[in-house]
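We count residues from 1, following the sequence as given.
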Amino acid sequence: MELKNDCFLRALMRQPVDRTPVWIMRQAGRYLPEYLKTRAEAGSFMNLCQNPELACEVTLQPLRRFKLDAAIIFSDILTIPDAMGLKLYFVTGEGPKFEHPIRTAEAIRKLPSPDVNDSLRYVMDAISTTRREIGGQVPLIGFSGSPWTLATYMIEGGSSKTFPNAKKLLYQEPELAHELLGKLAGTVTDYLNAQIESGAQAVQIFDTWGGALSAGAYREFSLRYMAQIVAGLKRENEGRRVPVILFSKGCNTQLEALADSGCDALGVDWTITLKEARKRVGDRVALQGNLDPAILLAGKDVIRHEVEETLNSFGPGNGHVFNLGHGITPDVNPDHLSALISAVREFSPGFHS
């Protein structure tokens, strides 16, 4: 099926576009009343993730409201540890938890390498269903968590602010940490390739907790494995390049190394200007980002101003995908996201000759 709007894919490849494309991390989520209704119908978050028809519905909901240039499949980064037998569940107000966190060498060595086309078939079915229903309107993005980010949840048993158990493993038993991260990297590679074969037209790796590591530890235990994944991905499908985006939050000191990872684009958080990021990576990769999500809590005039400032920061030329510097938060008024998207579409043509 012909893609009617390929602005997002062309921008990721630093090709000419008429305007800056825009999509929003977590654009299918709790800030939308229609999502909350579908979530209630599903009965639980995991039921929603594991039902391909409902996951497709949630993926399409933001496209019905907003003039977005891409959809991202509705799922969760922790589907892989769940498929490995850790039994993912969610506690209201506390986030994700695992019934069986891994803390010992025996637990790590016993971790299975799941057949992603079997244990995670529901994700592939959601992608193929969504591709059919989206009708070539915009591209569909697939995603995964990075090995390091997945490992933090698996070792801590849930979210953490300081990651004491995960960091202890890295420093006290680095060989065991590499064994775990290598196993996860192999599974993530298989998972993303299966998503591409099912119809994902771009993929993003979320390295949410990369910024928790020191510079040296980041390169050894996070970036190393993301580069390994990128090298193992299927980069062309349906006669077209499949771009790879790396989003490593809190890792602006590592931009040059990230740009050398083999990816096509870097997601950038809001703690650096796009001007500086662009200067540092040159034309090696496209940039995605990087408005502070909290700006969506302000008035629409402020949002419009900040959108223009973000576009000005990147400057004229190709290779920019507008996004937030992290995911949209549940307390955002959907009308404020409409104001952001309208501003991007209004202002950005002036940056493209």
Side-chain angles (χ1 to χ4, degrees), residues 23-66 68 70-100 114-135 137-145 149-150 153-154 157-159 187-188 191-192 194-195 198-200 203-204 206 208 293 324 326-335 337:
W23 73 279
I24 301 297
M25 288 184 279
R26 293 184 185 156
Q27 65 189 25
R30 293 174 291 169
Y31 72 104
L32 290 177
E34 54 266 43
Y35 166 84
L36 295 174
K37 181 180 178 182
T38 307
R39 164 78 164 73
E41 291 172 358
S44 73
F45 180 82
M46 287 306 294
N47 285 347
L48 184 55
C49 286
Q50 293 173 350
N51 184 310
E53 287 73 28
L54 292 181
C56 170
E57 164 61 21
V58 170
T59 301
L60 296 178
Q61 284 173 351
L63 298 186
R64 298 184 189 125
R65 269 188 183 255
F66 311 114
L68 293 158
I72 184 166
I73 194 65
F74 181 80
S75 187
D76 192 87
I77 65 168
L78 299 180
T79 52
I80 284 178
D82 186 58
M84 289 178 156
L86 274 64
K87 292 194 175 181
L88 175 65
Y89 67 100
F90 288 81
V91 177
T92 303
E94 296 183 29
K97 303 278 188 180
F98 285 113
E99 289 185 19
H100 307 298
D115 179 346
V116 296
N117 280 304
D118 178 21
S119 57
L120 293 168
R121 169 50 51 190
Y122 61 88
V123 178
M124 313 315 155
D125 289 345
I127 288 172
S128 58
T129 299
T130 303
R131 271 295 303 273
R132 183 180 68 247
E133 294 299 317
I134 214 167
Q137 181 182 347
V138 294
L140 179 62
I141 306 166
F143 71 91
S144 175
T149 291
L150 297 180
Y153 287 98
M154 295 166 72
S159 57
T187 302
V188 170
Y191 184 47
L192 290 176
Q195 291 186 40
S198 298
V203 292
Q204 176 161 312
F206 286 87
T208 310
L324 301 178
H326 198 225
I328 190 170
T329 54
D331 48 359
V332 167
N333 182 333
D335 290 342
L337 181 54

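I24 places none of its side-chain heavy atoms less than 4.5 Å from the side chain of F66. For the pair L86/Y153, no side-chain contact is recorded, criterion being any heavy-atom separation below 4.5 Å from C-beta on. Side-chain contact between D82 and Q50: present, with at least one pair of heavy atoms (C-beta onward) separated by less than 4.5 Å. In this structure the side chain of Y31 never reaches within 4.5 angstrom of the side chain of D331, judged on heavy atoms.
Here the shortest heavy-atom pairing between F143 and I73 reads CE2-O, 3.1 Å. Residue G199 comes nearest to R131 through the heavy atom pair O-NH1, 2.7 Å, listed as atom of the first residue, atom of the second, then distance. In terms of heavy atoms, A71 sits closest to V138 at N-CG2, 3.8 Å. Summarising the geometry of M84 relative to P114, their closest heavy-atom pair is CG-CD, 3.8 Å, with the distance given to 0.1 Å. Between V188 and G145, the closest heavy-atom pair is CG2-O, 3.8 Å. Shown here for G142 and Q195, the closest heavy-atom pair between the two residues is CA-OE1, 3.0 Å.
Here CE of M25 is found 9.0 Å from OG1 of T208. Values are rounded to the nearest 0.5 Å. Distance check, rounded to the nearest 0.5 Å: CG of L68 to CD of Q137 gives 9.5 Å. E53 CD to L48 CG: the interatomic distance, rounded to the nearest 0.5 Å, is 11.5 Å.
A distance-only check finds a donor-acceptor pair linking the side chain of N47 to the backbone of A42 [under 3.5 Å]. In terms of modelled atom types and a separation under 3.5 Å, the side chain of Q204 and the main chain of I72 share no donor-acceptor contact. A donor-acceptor pair under 3.5 Å is formed between the side chain of T59 and the backbone N or O of F74. With hydrogens and angles ignored, the 3.5 Å screen pairs no side-chain donor or acceptor of R26 with any backbone N or O of I328. A distance-only check finds no donor-acceptor pair linking the side chain of S144 to the backbone of L192 [under 3.5 Å].
The side chain to side chain contact (heavy atoms under 4.5 Å, CB included) check on F90 picks up F45, M46, D76, L88, P96, with sequence neighbours excluded.
Partner of I127 under the side chain to side chain contact (heavy atoms under 4.5 Å, CB included) criterion, chosen from T129, V123, D125: V123. When each of R65, Q61, R39 is paired with E34, the side chain to side chain donor-acceptor pair (under 3.5 Å) condition holds for R65 and for no other.
Using a 4.0 Å cut-off between charged side-chain N and carboxylate O, E57 and R64 make a salt bridge.
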Evaluate side-chain contact (heavy atoms from CB on, under 4.5 Å) for V203 paired with I141, printing each intermediate quantity in order. CA-CA 5 Å; V203 292; I141 306 166; 5.7 Å; no
T329 vs R30, test: side-chain contact (heavy atoms from CB on, under 4.5 Å). Steps then yes/no. CA-CA 8 Å; T329 54; R30 293 174 291 169; over 6 Å; no
Take T79 and Y122, measure what side-chain hydrogen bond (donor to acceptor under 3.5 Å, both in side chains) needs, and give me the verdict at the end. CA-CA 10 Å; T79 52; Y122 61 88; 4.9 Å; no
Test ring-ring contact (aromatic ring centres under 6.0 Å, His included) on Y89 and F98 and set out the steps. CA-CA 6 Å; Y89 67 100; F98 285 113; 8.3 Å; no
